[in-house]
Amino acid sequence: MAELKLIGAKYSPFCFRLELALKLKGIHEYEYLEQDLINKGPILLHYNPVHKKVPVLVHGENPIIESLAILEYIDETWPSSPSLLPKHPYPRSQARFWAKFADEKCAPGAWDTYWRLKGEKKDKAIEVAMERFEHLEKLIQGKKFFGTGGDDNDDEQGEGRVERIGYLDLVLGWIPLWVEVMEEIGEMKLLDPHKFPGLCRWGHKFVEVPVIKECLPSRETLVQYFTIATPMMRAHFT
Ligand SMILES: N[C@@H](CCC(=O)N[C@@H](CS)C(=O)NCC(=O)O)C(=O)O
């Protein structure tokens, strides 16, 4: 068995961020173990008996669970450049704050709009999701990338973090493609470029970064996958 294993599922936005992080860090030697999330297998149940969810990173025999914790683990275990999180406590706390906000509010908000069929509840869900995205729109103002998510100019490397992708870009990395696909299949608009010019601009730039481009599935593949998987996912996960 490989020293490093990533237990994941195809097109999971949480697994995608880890694939990106490993690639950014130049870690190519790991075993990827694809999981069936409807009929969970022994590997997933063994390494993540608490939540039974992907992703799980297994280093040696140590499982690391929860994608945000895994991102930090990767950053600390392979500290060579590029670092993902800021070094200093204040910007580091900000990065964690926004990542938590993104995962606990923005992602569930967006998925909530997607799961709901047409009607008043869907319209309300769209309104709520958009209110949450507005915070990200403010955060990206004046920056090319989210970078580490904190004002990292006092970092010892002092290399203008917002000019390159970092922790928070990876955390939000599902937005550009996944939201487009949700919009298409869910017949709705969440990220109107007039309402969210900064976020849309960021999304276009993010998917053009070579490392990201190499890992992104094609839009057609994702649409095809979600079209088939959505009824089953809706029954299981909502
Ligand atoms: N907070 C977790 C979320 C992981 C998660 O929701 N994974 C989904 C796949 S995208 C999953 O394994 N779902 C299976 C289930 O809910 O039973 C993380 O960041 O790792």
Side-chain angles (χ1 to χ4, degrees), residues 4-25 27 30-59 62-77 84-85 95-116 125 129 132 136 146 148-149 166-182 185-186 215-217 221-238:
L4 193 63
K5 297 186 270 291
L6 178 59
I7 302 176
K10 216 154 113 184
Y11 312 132
S12 153
F14 301 104
C15 299
F16 177 62
R17 62 177 58 150
L18 301 185
E19 279 177 49
L20 297 180
L22 290 167
K23 195 155 195 150
L24 271 172
K25 289 282 189 179
I27 302 159
Y30 65 91
E31 188 179 359
Y32 175 75
L33 300 167
E34 174 72 18
Q35 302 300 298
D36 175 349
L37 296 180
I38 307 292
N39 301 301
K40 293 171 183 169
I43 290 192
L44 179 59
L45 301 178
H46 171 72
Y47 284 113
N48 189 356
V50 178
H51 296 304
K52 306 177 180 70
K53 290 185 180 192
V54 296
V56 180
L57 186 75
V58 186
H59 194 190
N62 295 329
I64 305 107
I65 296 163
E66 284 291 325
S67 62
L68 296 182
I70 301 173
L71 278 180
E72 294 207 23
Y73 181 84
I74 291 173
D75 205 25
E76 287 164 8
T77 307
L84 303 176
L85 274 140
R96 287 176 173 142
F97 166 79
W98 284 112
K100 197 164 151 55
F101 174 76
D103 272 15
E104 289 182 4
K105 297 290 178 190
C106 297
W111 284 102
D112 198 32
T113 66
Y114 180 72
W115 300 129
R116 288 181 193 280
R132 294 174 181 178
L136 300 180
F146 287 98
T148 54
Y167 174 69
L168 206 52
D169 296 287
L170 302 188
V171 173
L172 296 169
W174 58 277
I175 290 180
L177 186 59
W178 273 255
V179 168
E180 257 186 46
V181 170
M182 285 163 137
I185 303 177
C215 293
L216 266 182
T221 315
L222 209 58
V223 168
Q224 216 171 34
Y225 173 78
F226 274 102
T227 304
I228 296 168
T230 295
M232 200 166 55
M233 288 157 82
R234 191 176 266 129
H236 259 83
F237 302 128
T238 60

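A quick note: this is a predicted structure, and the numbers were derived from the prediction, not measured. Numbering of ligands and ligand atoms starts at 1, following listing order.
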Partners meeting side-chain hydrogen bond (donor to acceptor under 3.5 Å, both in side chains) with Tyr225 (sequence neighbours left out)
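side-chain hydrogen bond (donor to acceptor under 3.5 Å, both in side chains) list for Tyr225, sorted by chain: empty.
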For a quick check under 3.5 Å, do Tyr114 and Thr230 share a side-chain donor-acceptor pair by atom type?
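The answer is yes; a qualifying pair exists.
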So which protein residues pack against ligand 1 under 4.0 Å, heavy atoms counted?
Ser12, Phe14, Leu37, Lys40, Lys53, Val54, Pro55, Glu66, Ser67, Phe237
Assign the ring pair Tyr73 / His59 to parallel, tilted or perpendicular, where the plane angle (0 to 90°) is split at 30° and 60°.
perpendicular
How close do Asn48 and Lys53 get, heavy atom to heavy atom, and via which atoms?
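Looking at all heavy atoms of both residues, the shortest contact is ND2-O, 2.8 Å.
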Partners meeting ring-ring contact (aromatic ring centres under 6.0 Å, His included) with Trp174 (sequence neighbours left out)
none
I need the full list of salt bridge (charged side-chain N to carboxylate O under 4.0 Å, His left out) pairs touching residues 99-110, with sequence neighbours left out, sorted by first then second residue.
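For residues 99-110: Arg17-Asp103, Lys100-Glu104.
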